[in-house]
Amino acid sequence: MKIVTYNVNGIKARLPRLLEYLDEQQPDVVCLQELKASDETFPIADIRAAGYGAVWHGQKSWNGVAVLAKGADPVERQRGLAGETEDDHSRYLEAEVATDFGGVVIASLYLPNGNPLPGPKFDYKLRWIDRLAARARALLAEERAVVLAGDYNVIPNDDDTYSVRAMASDALMQPESRAGFRALVAQGWTDALRTRHPKGGVWTFWDYQAGAWPRDAGFRIDHLLLSPIAADRLADAGVDKDYRGREKASDHAPTWAMLR
DNA sequence: ATGCCTAAGCCCCTTAGA
């Protein structure tokens with residue numbers, strides 16, 4: 001089964017691209033981020049017409065995450081992360097999707113960008129990683145197939161960016177951001193892309209600015225972390241890079257893992 | 001050090017993204 005994470009950067013502006021992607025790739029599960037739409041304006045009718053069920057956690061203008069499943073309705077398990085009652089960002093949605101191997105737990109997450117730094121946005125990012133890690137630990141304890149998929153806004157290694165120098169002062173690459181991500185992975189998760197492409201050099205994001213796409217000046221910030229039971233089924237992982245080059249594209253490309 | 005480019009809101013410029 002093909003499980004995808006795709007930061008659409010506006011579901012309304014990206015709907016033609018998304019429907020085209022569903023039609024052409026027929027992914028089994030798609031985690032969306034940056035809907036930039038309220039719950040009421042999520043285009044569920046179009047998604048259903050394409051053959052997908054969905055759960056979503058919207059927010060006007062910013063953030064927003066969803067889980068789509070082909071020919072099935074994902075069953076919501078949790079929205080939002082514990083630990084900060086005043087946090088009203090829609091950045092985490094967890095659901096269960098039925099499979100022929102007993103079902104898979106899917107989380108669609110949109111980790112805070114954290115720029116500028118230092119400052120409250122960076123502090124929020126670091127706290128959010130820790131809150132995610134707490135949830136992740138509980139999920140591992142269930143000893144099931146789990147996939148934590150989303151835009152982590154973390155460049156894990158130096159070979160995950162076209163230029164260490166250009167990104168050195170960015171929140172995506174700070175030692176604290178990396179340490180948080182590394183601590184999460186070290187709980188026992190498998191970074192699907194990294195496992196299949198251990199030498200790096202695989203990008204999931206290309207900035208709209210300064211000709212980043214034609215220069216192939218990208219980096220890897222969209223990740224799929226697999227629990228041990230899910231990792232046992234990992235057959236391949238990659239990026240559907242082609243969609244970044246199409247008309248009215250998101251600045252992220254769909255990033256996927258194939259489970260047997 | 002800054003703009004580059006895009007989406008959305010609300011009202012044509014500002015905020016935010018990465």
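Reckoned from all heavy atoms, side chains included, excluding hydrogens, waters and symmetry mates. To find a chain, count down the sequence lines: A is the first, B the second, and so on, and within it residues start at 1.
In this structure, the CD atom of Glu34(A) is 13 Å from the P atom of dG9(B), given to the nearest Å. Between Ile11(A) atom CD1 and dA8(B) atom C1' the separation is 15 Å, expressed in whole Å.
Checking dA18(B), dC10(B), dA8(B) against the side-chain heavy atoms of His252(A) singles out dA18(B) as nearest. The side chain of Ala210(A) sits closest to dC4(B) out of dG17(B), dA7(B), dC4(B). Side-chain proximity of Ala13(A) to the nucleotides dC10(B), dG17(B), dA8(B) is greatest for dA8(B). When each of dC4(B), dA18(B), dT6(B) is scored by its nearest atom to the side-chain atoms of Tyr208(A), the top-ranked nucleotide is dT6(B). Closest contact between the side chain of Asp207(A) and the listed nucleotides dC4(B), dA8(B), dA18(B) involves dA18(B). You'll find that the side chain of Tyr110(A) is closest to dA18(B), out of dA7(B), dA18(B), dG9(B).
At the heavy-atom level, Lys125(A) lies nowhere under 4.0 Å from the strands shown.
Rounded to a whole angstrom, the distance from the P atom of dA16(B) to that of dC10(B) is 14 Å. Taking the C1' atom of each, dA18(B) and dC5(B) are spaced 12 Å apart, rounded to whole Å. dG3(B) and dG9(B) have their C1' atoms separated by 23 Å, given to the nearest Å. dA8(B) and dT2(B) are spaced 28 Å apart, taking the P atom of each and rounding to whole Å. dA1(B) and dC11(B) are spaced 34 Å apart, taking the P atom of each and rounding to whole Å.
No side-chain donor-acceptor contact under 3.5 Å links Asp191(A) and Tyr152(A). A donor-acceptor pair shorter than 3.5 Å can be found between the side chains of Asp170(A) and Asn115(A). For the residue pair Trp206(A) and Asp251(A), no side-chain donor N or O sits within less than 3.5 Å of a side-chain acceptor on the partner.
Taking 3.5 Å as the limit, the base of dA7(B) and the side chain of Asn9(A) contain no donor-acceptor pair of atoms between them.
Closest heavy-atom contact between Arg220(A) and Val202(A): CB-O, 3.2 Å.
Contact check, Asn7(A) against dA18(B): a side-chain N or O comes under 4.0 Å of OP1 or OP2. Side-chain nitrogen and oxygen atoms of Lys36(A) include none within less than 4.0 Å of the OP1 or OP2 phosphate oxygen of dG9(B). Within the structure, a side-chain polar atom (N or O) of Arg14(A) is placed less than 4.0 Å from OP1 or OP2 of dA7(B). Of the side-chain N and O atoms in Asn113(A), none sit less than 4.0 angstrom from OP1 or OP2 of dG17(B).
Of the residues near DNA chain B, Asp251(A) and Lys12(A), the one whose nearest nucleotide (by heavy atom distance) lies more toward the 5' end is Lys12(A). Taking for each of Asp151(A) and Gly211(A) the nucleotide of DNA chain B with the nearest heavy atom, the 5'-most of the two is the partner of Gly211(A).
Taking the centre and axis of the six-membered ring of Tyr124(A), the NZ or CZ atom of Arg127(A) falls outside the cone set by 45° and 6.0 Å.
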